[in-house]
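One structure is given below, encoded as structure tokens.
It should be emphasised that the depicted structure is a prediction, and the values quoted were computed from it without experimental measurement.
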Amino acid sequence: MKFLMVGIDGLGAESLAALQLRRLQEIIEQGRSANPLPDNMVSRGWTEIYSGKNAYETGGFFQIPVMSKNRIVATQDTGVSTIAGHIGAENLLWGKLRRAGHRVGVFTLPTVNKRQDDCELSIPATGGGVFSAGIDSAAAKPAQAASLANYGRSNLGFRMGKGAFLPASRSELEAWLRDHIAQYFTTLRRTLDRYPVDSLVLGSRFVTLHYKFRHILCGNPGGPDDAALRDLILEIARDFDGEMAAFITDANPEHLFITSDHGLGELKFHVNINALLRELGLIDYPGAAFRLARFGKRKVLERRQPRRQRGPLFPMYGLERSRAFSIGYTDVVYVNDARFTGPSMSNEERYTVACVVAEELSQHVRERGYEQQFREFIPMKHQGWSSPGDNGAPAVALPDIRCVLEEGTVNLGRTGGEVVRVNETLGARDMFRNGFFAEHSACKTSDCLAAYRGSAEMDFGPQRLTDVYGAMLKPMGID
């Protein structure tokens, strides 16, 4: 194989050590590695890697606000279609490889959730607004490749948490994990045997186990249940490590890259930027009728769902009746102007409002003693929208204030309070009874990884995640 990119979601120094991925570590140490800086909780890491551009250029924000039925709602539909629509499919990583004469495959790379018609082989993944693990003949290329992943319970996407797979016991978790590894590597090898390529862009989400179980993997087990769960996870992680290392060895690529979209580390605080805005009188709650209807719907769902599958009743804010708002899961604030439901503003007027709001937020967190969690609020001057894509992608509303949070602090909007310390003492038995979120005891960090092993004699040290794109193309002489 000429080129192999192994993209592993969340891979970094901590997750390598915590999951004891020794064979992958050995492969990484055989080459050169770097720690490129990701733009966590603003720009999607994977889209930066395969486009070489950030969200302000491609629209690939982690999620964005849009208008729907006269309401401001969030969408994560900012995956590969959005990126290709802005910069052209021919400028994506695999587009560049194919123009250089390579036969290219893309296999379950996160956010590449649509068939890539410019590739010889394409098996879609989850992410970028798509969370189902199933694929059909319309999603794969060639269409016949879908039959190679046609299992009774498709488990290639590896999605765990509220709204996805939630184990009720250690044995159910074990069966699901072993099922994923068997499906993933069997499908990968069978697909490549049937439809060979000379360059492959490969993605895996297995290491995101560290999101859910960091407190057990990195701490002292709280009892025999925790110890048994940790031993199980480490045993299965060794299986994944061995299978991935064996695949890399068998592929024998001339140029091997191992990269991640972010690292994973301790989750310290949940914060809610909208709660800050509420305290400042810049945002309001929805009307009483809406809140009452939502409460009633919640009670109906509670009667239908097991406890572990119920999500919390998140605070709801009337974003439409706001001066500024955050949509959660992203560390930014938007000024509510005519892009949404607010008044018309020039770019200068909107920037002036952003400066005032940023100063009000800064003063509020100083008064409340939250400087540790909220480091800085930075107004951003721009045209309001990203440029419409030359290839059909619509313009995306750009955020107006960048919120710099302490690493380990996440704006998930799950609490009515402004800052809440995360409780990491939840044991395995409680987890299986109550369920858990994706970001259960870990969160995205700057512990990011990019490694190269190959025949090219070159410096390898991408400084930012967007630099990984060019660093992967350089050894093959592709601009």
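You'll find the ring centres of Phe107 and Tyr184 inside the 6.0 Å limit. When ring centroids are compared, Phe158 and His180 come within the 6.0 Å threshold.
Under the salt bridge (Lys or Arg N to Asp or Glu O under 4.0 Å) criterion, Asp118 pairs with no residue at all, not counting sequence neighbours. When the salt bridge (Lys or Arg N to Asp or Glu O under 4.0 Å) test is applied to Asp9, the partners found at least two apart in sequence or on another chain are Arg205. Shown here are the side-chain hydrogen bond (donor to acceptor under 3.5 Å, both in side chains) partners of Glu174, two or more places apart in sequence or in another chain: Arg178.
If you check the side chains of Ser43 and Glu48, you find a donor sitting under 3.5 Å from an acceptor.
When Asp39, Thr58, Thr111, Thr78 are each tested for a side chain to side chain donor-acceptor pair (under 3.5 Å) with Arg44, only one passes: Thr78.
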| request: Show your reasoning for whether salt bridge (charged side-chain N to carboxylate O under 4.0 Å, His left out) applies to Glu14 and Arg214. | output: CA-CA 10 Å; Glu14 179 176 305; Arg214 183 189 182 278; 2.6 Å; yes

| task | Before giving the answer on side-chain hydrogen bond (donor to acceptor under 3.5 Å, both in side chains), spell out for Gln25 and Glu29 the whole-Å C-alpha distance, their side-chain angles and the decisive distance to 0.1 Å. | result | CA-CA 6 Å; Gln25 182 70 60; Glu29 290 174 352; 3.2 Å; yes

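One finds no salt bridge joining Glu376 and Arg402 here, because no Lys/Arg side-chain nitrogen approaches an Asp/Glu carboxylate oxygen to under 4.0 Å.
Remark: side-chain polar atoms of Gln373 are not paired, donor with acceptor, to backbone N or O of Glu406 under 3.5 angstrom. Listed for the Arg103 side chain is a donor-acceptor partner under 3.5 Å among the backbone atoms of Pro196.
Counting heavy atoms of neighbouring residues, nucleotides and ligands inside a 6.0 Å radius, atom CG of Asp193 exceeds 12 of them.
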